[in-house]
Protein chains: 2
Amino acid sequence: MASFLGSAGMQGRRGRAGRVVPPLAFGGAPAGERRDAAESRRRVLGVARELFSERGVDAVSMHEIGRAAGVGQGTLYRRFKHKGALCMALLFEGVEGLYGRARDREESGGPALEQLMGLLEDLACFNEENAPLLGAVRDAVGGERRVEMYRNPFYSWLRATVVALLGRAVEEGEAREGLDVEAVAEAVLAPLNVDLYLYQRAELGMGRGRILTALRGLLLDGLRREGTAR
Amino acid sequence: MASFLGSAGMQGRRGRAGRVVPPLAFGGAPAGERRDAAESRRRVLGVARELFSERGVDAVSMHEIGRAAGVGQGTLYRRFKHKGALCMALLFEGVEGLYGRARDREESGGPALEQLMGLLEDLACFNEENAPLLGAVRDAVGGERRVEMYRNPFYSWLRATVVALLGRAVEEGEAREGLDVEAVAEAVLAPLNVDLYLYQRAELGMGRGRILTALRGLLLDGLRREGTAR
DNA sequence: ATCAAAAGCGGACGATTGTCCGCTTGGTGG
DNA sequence: CCACCAAGCGGACAATCGTCCGCTTTTGAT
């Protein structure tokens, strides 16, 4: 089964410079899309964006989107495998922004660990800006589909980017040697899980600065006091 | 609205020694439960456990559980606000085990950070042993209920315990001073998010040891190489 | 023992998601 | 220009979750 959007093979790949090139057509149109299909896809996306912003993602049903866009259920679900996939398509622009900022940072050079921190900061903003859609994605990806959450192209790109940055940090002597970059990458990304992040923001009353500062300290220096055996 | 189980006020509290005492009646019976109600609750729980283990949590509907237990929908949902709450009740024993092990560790003394690592290890096992139920809980807690995920008594206890351990580690000079223990506690717990953990186990093929080792290194020492400015 | 109130009970019901299957249409080769 | 057929289309349908509301049982006070 295809993942969220784009074919399964479209995950981020390493460029020759070690940079992770973003999945190309993440939320874009399928290659040989028929004109009528393209038209109806645009209409669906527009209507969905509208309704979601009016009444919240949860309060708008797929049937309603279809009706409002003048499109049947079959069509709707052919295009978007489920509600989460539709939301994912709507997230396209924001994700592009993230890719762009990561590219800029990379081109302007600087220590890999600082670039990593920048990415995490962007991710926190992304969480806040797109909270409703991200929440809907999470909800739609339940039951059998649970794995898709971490298999979608966006998360793959994220992980690959972090892995690449960590790898570079080790090579350049910024980070400890022998770091298990794949495993650590997951642990680095985990605290920015949307639900957890929003919970801290909204329920625990933590500001973005506080969350990021704590994370920065933890990631860079760990918990132990200086001088303790390591 | 009540959280998963137990009244809202039943979250972990600090004992006088700084220890976090577990919520008392997490999955137990309500105080003045009527005899017939207790009976039907037991029956429901038994039937659910049975059916879940036979065919998987996702494949068993609430209606079916009700039918098999000889109980109507109203009754079922009065007892368990939703499918996730039922699963949470089924998790009772495992959670008790976690509480017990944490208590034992605490009584046998030892460095706070080591105790923290022990807790994380237990949590990893807990994730594996109870994956299906935990997954179902996650799924059931969507839409409006999204916040409940981190507000339930179990997670509250977990967070409070980690906060207490971190606090002690700071006091006793094990951990850096000025650590934002509340914020850091979330970041410490995040990598053991069930979905993420299982994804690493099953899809990325990482063993428990590898995940925990990476986490341990990250938490204790951070990413930076020794000698780098901190 | 009686009786009233509170708690428990159960099936009908509404809403939502996602699937199915037969009809329509766009685009292409003869 | 036409005919073909895969892709697109749309509404009916099934399954599930969770709610509602009127009936029944338990409990405890008189």
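By convention in this document, chain letters (A, B, ...) are assigned in the order of the sequence lines, proteins followed by strands, and residues within each chain are numbered from 1. It should be emphasised that the depicted structure is a prediction, and the values quoted were computed from it without experimental measurement.
The CE-C1' distance, from B:Met62 to D:dA15, rounds to 15 Å in whole Å. Atom C1' of nucleotide C:dT19 and atom NZ of A:Lys83 are separated by 18 Å, given to the nearest angstrom. When the P atom of D:dC17 is taken as reference, atom CZ of B:Arg145 falls 11 Å away, rounded to whole Å. The interatomic distance linking B:Arg41 (CZ) with C:dG10 (C1') rounds to 19 Å, in whole Å. Whole-Å rounding puts the A:His82 NE2 to C:dT16 P distance at 19 Å. Rounded to a whole Å, the CZ atom of B:Phe80 is 15 Å from the P atom of D:dT19. We find that NE2 of A:His63 is positioned 11 Å from C1' of D:dA14, with the value rounded to whole Å. Distance, A:Leu76 CG to C:dT16 P: 14 Å, rounded to whole Å.
Contact between the side-chain N/O atoms of A:Arg35 and the OP1/OP2 oxygens of C:dG27 is found at a separation under 4.0 Å. A sub-4.0 Å separation between OP1 or OP2 of C:dC9 and a side-chain N or O of B:Ser40 is present. Under 4.0 angstrom from either OP1 or OP2 of C:dC20 there lies no side-chain N or O belonging to A:Arg78. For A:Arg79 and D:dC9, the shortest distance from a side-chain N or O to OP1 or OP2 is below 4.0 Å. The side chain of B:Tyr77 contributes an N or O atom lying less than 4.0 Å from OP1 or OP2 of D:dG18.
Across all strands, A:Gly142 comes closer than 4.0 Å to no nucleic acid atom at all (heavy-atom distances). Among the protein residues, A:Gly143 comes within range of no part of the nucleic acid, since none of its heavy atoms lies under 4.0 Å from any strand.
With respect to A:Glu64 and A:Arg55, a salt bridge is recorded, a charged nitrogen being found less than 4.0 Å from a carboxylate O. Using a cut-off of 4.0 Å between Lys/Arg side-chain N and Asp/Glu carboxylate O, B:Arg105 and B:Asp122 are scored as salt-bridged.
For B:Gln73, the side-chain atoms get nearest to C:dA12 when compared with the rest of D:dT27, C:dA12, D:dA12. Side chain of B:Thr75, nearest nucleotide from D:dG10, C:dG10, D:dA6: C:dG10. Closest to the B:Val71 side chain, of the nucleotides C:dG10, C:dT17, C:dG26, is C:dG10.
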I'd like to know whether A:Tyr155 forms a side-chain contact (heavy atoms from CB on, under 4.5 Å) with A:Leu189, so could you lay out the CA-CA distance, the side-chain angles of the two residues, the decisive distance to 0.1 Å, and finally the verdict. CA-CA 10 Å; A:Tyr155 190 80; A:Leu189 251 7; 4.1 Å; yes
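Where A:Arg43 and B:Arg34 each meet DNA chain D at their nearest nucleotide, the meeting point lying more 5' is that of A:Arg43. Residues A:Ala140 and A:Glu33 each lie close to DNA chain C; by heavy-atom proximity, the contact nearer the 5' end of the strand is made by A:Ala140.
Between B:Phe126 and B:Phe154, the angle of the ring planes lies from 30° to 60°, which puts this pair in the tilted group.
Checked against B:Leu192 for a side chain to side chain contact (heavy atoms under 4.5 Å, CB included), the options B:Leu119, B:Asn127, B:Leu158 give a single hit: B:Asn127.
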